[in-house]
Amino acid sequence: MVESGETDWVSRFADEVISESERRAPGKPVVCASGLSPSGPIHLGNLREVMTPHLVADEIRRRGVECVHLLSWDDYDRFRRVPAGVDPSWAEHIGKPLTSVPAPPGSAYGNWAEHFKAPMIQALEQLGVEYRGISQTEQYTSGAYREQVLLAVRERARIDAVLSRYRSKQVEDYFPYKPYCDLCGRDLTTVTAYDDATTELAYTCECGFGETVRLAEHDRGKLVWKVDWPMRWAHEGVVFEPSGVDHHSPGSAWIVGGQIVGEVFGGRQPIGPMYAFVGITGMAKMSSSKGDVPTPADALEIMEAPVLRWLYARRKPAQSFKIAFDQEIQRLYDEWDALGRKVEEGRAQPAELAAYDRAVRTAAAPLPATPHPVPYRTLASIVDITTGHAEQTLRILRDLDGIDSLDAARPRLDRAQRWVDGHLPAEQRTRVREEPDEELLDSLGPEERESLRLLADGLDDWSLDGLTALVYGVPKRRAGLPADAQATPELKAAQRAFFALLYRLLVGRDTGPRLPTLLLAVGADRVRKLVGA
C-alpha cells in the first residue's frame, strides 16, 4: 500500500481531493470524473483523461475512503465529420447524435458510439480501471437533466454575459439549448421563439421542418458544450476532473465553465490539473478525426497492462510523454524490468516505488503478471528468428532460462510476438541462412578464419552469459588481451567487424538481433556449419 505524503503526484492530489471533498460534501463519497467522446477511435491521448482521475481515485480507495470515478460517454454529441476510411455517404448523418448514426460498415455494434466505446471498455477492464459509466444519450433522453436544462434556459442572459467576456463579436438571441430535429434527427436547428412562462420553444431546421414543443417535456436536444460541462459538475458533485491543454485557453470550456458553474448552477469547479499530450514514437499529434490512431487496445496488443499503466503513473499530468510502437519498446521494457529489480532489492526511490505499485496493482487486486519475465528484446528476437514456432521457442527458452512451459513466459511472450508480427519492418525481420555462404567463406583471410574457429570452439558454454562473453571475447583473444580488458576504440572496432562478419554468415546482412540470442536460437551445430567450422 502506498501511503500519503510527498512520494508522488498521485498522493498529493489525493490529499487535496479528500480535503476538498470534506469541505464540499462531508460524509459523502469523493467524486472524480472523466469524459470521452466516442466520435471515432479513442486514442492513447484520450486515455490520459481516464487514467489521471483513475489513479487518484484508486489512491483514495487504498486509504479506505469511499470514492466513485464517473466516466461520461459523450455519446449524445453531434456527429461532426466522416473519418478517413469510412464510406463518404456517412456524411448524410452529420449533425445527428452519435448514438443515432449507423456503425461503420461491417461493425457488430448497433450504432457509431457503441462501436467506438467497445474497444475502450475492454481496454479499461484489462487496465484495472474501476468506474461508473454514464451515457449522456440516456441522461438527456430520460429527462435526468430536465431541471438543469430549464434552469440554464432561464439564466441564458447570465450565461451570455459570461461568454461575452471572451467574445470579439456580439451574438444576438443567444440560446444555450440545441434541439435535434424531430424529422431529420440532426441539430441543424435554430430556436426562433421561447416562452419562459410556458416553456414553449419553437425551432426550425435546415431540412425545412419546424415545430413548437414544451421544453419542460422535450428530451431530444442538449445543452451546448460550454454550458453542459459545468452543469454536470454541479449535478454530479464532481471534485476532481482533469482537462487537456486545449481546454485552458481564454474562452475555452474549462475557463468559461468555471464561472458558469457557480453563477448559474450553484456548484463549484472541480480541482482539475491540465494534462499534456501523449505522443507515439514516429508519429505527430494524434487526432481521432483522421481515423488511423493508436488506441489503448492497440497498445495492449504489444505491452502488458502494468507497463501501460506505469507510463501514465510515472509522469505528472502536465508532463508530455510518448508511447513506443517501434523498437523503442524494447528499451522501455528494459527500463521497466530494471525498476522491478530495484523494487525487489529495496533500492527504489519513493516516487519510483509509488509509480511501480500503482502500475502492478489497484486497490481491488493485483493485475495479471508474467510468471517468468524474460527480457522483451530477447523474446522479440526469439519469435522473430523462429517465426513463432512453439517448439523451437520453448527449446530456446529452456536453454536460455530453464523455462519448461511457454505459459511461464506469457503474456509477455504473446505481446512480443504481436509486436514482431505487426510492427517490426519486413526488412528488419531475421531469416537464418539454410546453407553456408561458401563464396564469403572462401574470401576470408587467415585472421578471420581463426576468429571463427575460436567462436566454434567456445560454443560449449551454452548460456546467454556464456555466449555473450564468447562473442565479445574472441576479438580480445585475437588481440592478446585478457577477458576482462577494458574496451578501447581499437577493440570496439575489431568487435564491430567481427559481429558484422557473423551476421553476414548467419543471416545474410550486416546487422540483426543481439548475437548471443541469435546464436542461442540457431543452435550450436547449425552455427558451426554456417561459419564453416
Side-chain angles (χ1 to χ4, degrees), residues 31 33-40 42 68 70-80 90 92-104 107 109-118 120-121 131-156 159 175-191 194-195 198-207 209-238 253 257 264-265 267:
V31 180
S34 305
L36 292 174
S37 176
S39 57
I42 300 174
V68 60
L70 302 178
L71 173 52
S72 282
W73 297 105
D74 292 321
D75 52 13
Y76 207 46
D77 285 1
R78 74 191 304 268
F79 182 55
R80 295 183 177 277
W90 255 250
E92 68 181 87
H93 302 294
I94 289 175
K96 292 181 182 179
L98 295 170
T99 43
S100 296
V101 177
S107 172
Y109 295 94
N111 60 61
W112 189 272
E114 293 303 313
H115 173 83
F116 290 107
K117 282 166 62 175
M120 187 63 170
I121 290 171
Y131 64 92
R132 182 192 302 166
I134 298 174
S135 164
Q136 291 304 313
T137 296
E138 293 176 6
Q139 291 291 93
Y140 272 105
T141 58
S142 69
Y145 295 147
R146 185 169 291 132
E147 292 305 315
Q148 286 73 25
V149 169
L150 292 172
L151 172 60
V153 170
R154 283 199 304 272
E155 297 290 336
R156 59 190 179 276
I159 295 171
F175 206 77
Y177 180 81
K178 192 75 167 173
Y180 281 111
C181 176
D182 194 47
L183 180 63
C184 73
R186 297 178 293 171
D187 70 345
L188 309 178
T189 56
T190 301
V191 174
Y194 183 72
D195 187 308
T198 64
T199 76
E200 285 192 351
L201 179 151
Y203 73 85
T204 59
C205 179
E206 289 183 14
C207 74
F209 181 76
E211 65 174 339
T212 299
V213 299
R214 288 190 69 239
L215 188 56
E217 302 169 350
H218 188 257
D219 299 323
R220 294 188 310 278
K222 70 184 293 289
L223 294 172
V224 297
W225 170 237
K226 289 184 180 180
V227 182
D228 173 87
W229 200 9
M231 177 275 290
R232 286 191 245 161
W233 291 340
H235 181 68
E236 296 162 351
V238 178
V264 175
F265 297 108

Would you name the heavy atoms of [X] and [Y] that are closest together and state the gap between them?
| X | Y | result |
| --- | --- | --- |
| P38 | A113 | CB-O, 3.6 Å |
| V227 | P176 | CG2-CB, 4.1 Å |
| K96 | C184 | CE-O, 3.5 Å |
| L223 | A152 | CD2-CB, 3.8 Å |
| V153 | F175 | CG1-CZ, 3.6 Å |
| D219 | G143 | OD1-CA, 3.7 Å |

When you compare the side chain of [Y] with that of [X], does any pair of heavy atoms fall below 4.5 Å?
| X | Y | answer |
| --- | --- | --- |
| L201 | P179 | yes |
| I42 | W73 | yes |
| P97 | N111 | no |
| P104 | F116 | yes |
| L150 | Y177 | no |

Do the side chain of [X] and the main chain of [Y] share a donor and acceptor less than 3.5 angstrom apart?
| X | Y | value |
| --- | --- | --- |
| W90 | P102 | yes |
| W112 | S100 | no |
| T199 | A216 | yes |

For the [atom1] atom of [X] and the [atom2] atom of [Y], what is their distance to the nearest 0.5 Å?
| X | Y | atom1 | atom2 | answer |
| --- | --- | --- | --- | --- |
| H218 | E200 | NE2 | CD | 13.0 Å |
| E114 | T137 | CD | OG1 | 8.5 Å |
| Y76 | Y180 | OH | OH | 6.0 Å |
| R220 | T141 | CZ | OG1 | 11.0 Å |
| L183 | C207 | CG | SG | 4.5 Å |
| R186 | H93 | CZ | NE2 | 10.5 Å |

Exercise for the section: Establish, from distance only, whether the side-chain atoms of Y203 and E211 form a donor-acceptor pair under 3.5 Å. Expected result: yes
Exercise for the section: Check whether the side chains of Y140 and D228 place a donor and an acceptor atom closer than 3.5 Å, and report yes or no. Expected result: yes
Completion exercise
For residues 70-79, the salt bridge (Lys or Arg N to Asp or Glu O under 4.0 Å) pairs (sequence neighbours left out) are D74-R232, D75-K117, D77-K222, R78-D187
Practice task
Taking atom CZ of R214 as the centre, report whether more than 12 heavy atoms of other residues, nucleotides or ligands fall under 6.0 Å from it.
Solution key: yes
Problem - Neighbour count above 12 (heavy atom, 6.0 Å) for E138 CD - result: no
Practice task
Check the angle between the aromatic planes of W229 and W225 and answer parallel, tilted or perpendicular using the 30° and 60° thresholds.
Solution key: parallel
Exercise for the section: Apply side-chain contact (heavy atoms from CB on, under 4.5 Å) to the pair L188 and C181, showing each step before the final yes or no. Expected result: CA-CA 7 Å; L188 309 178; C181 176; over 6 Å; no
Handout entry: side-chain hydrogen bond (donor to acceptor under 3.5 Å, both in side chains), paired with H235, selected from E147, Q148, Q139
Key = Q148
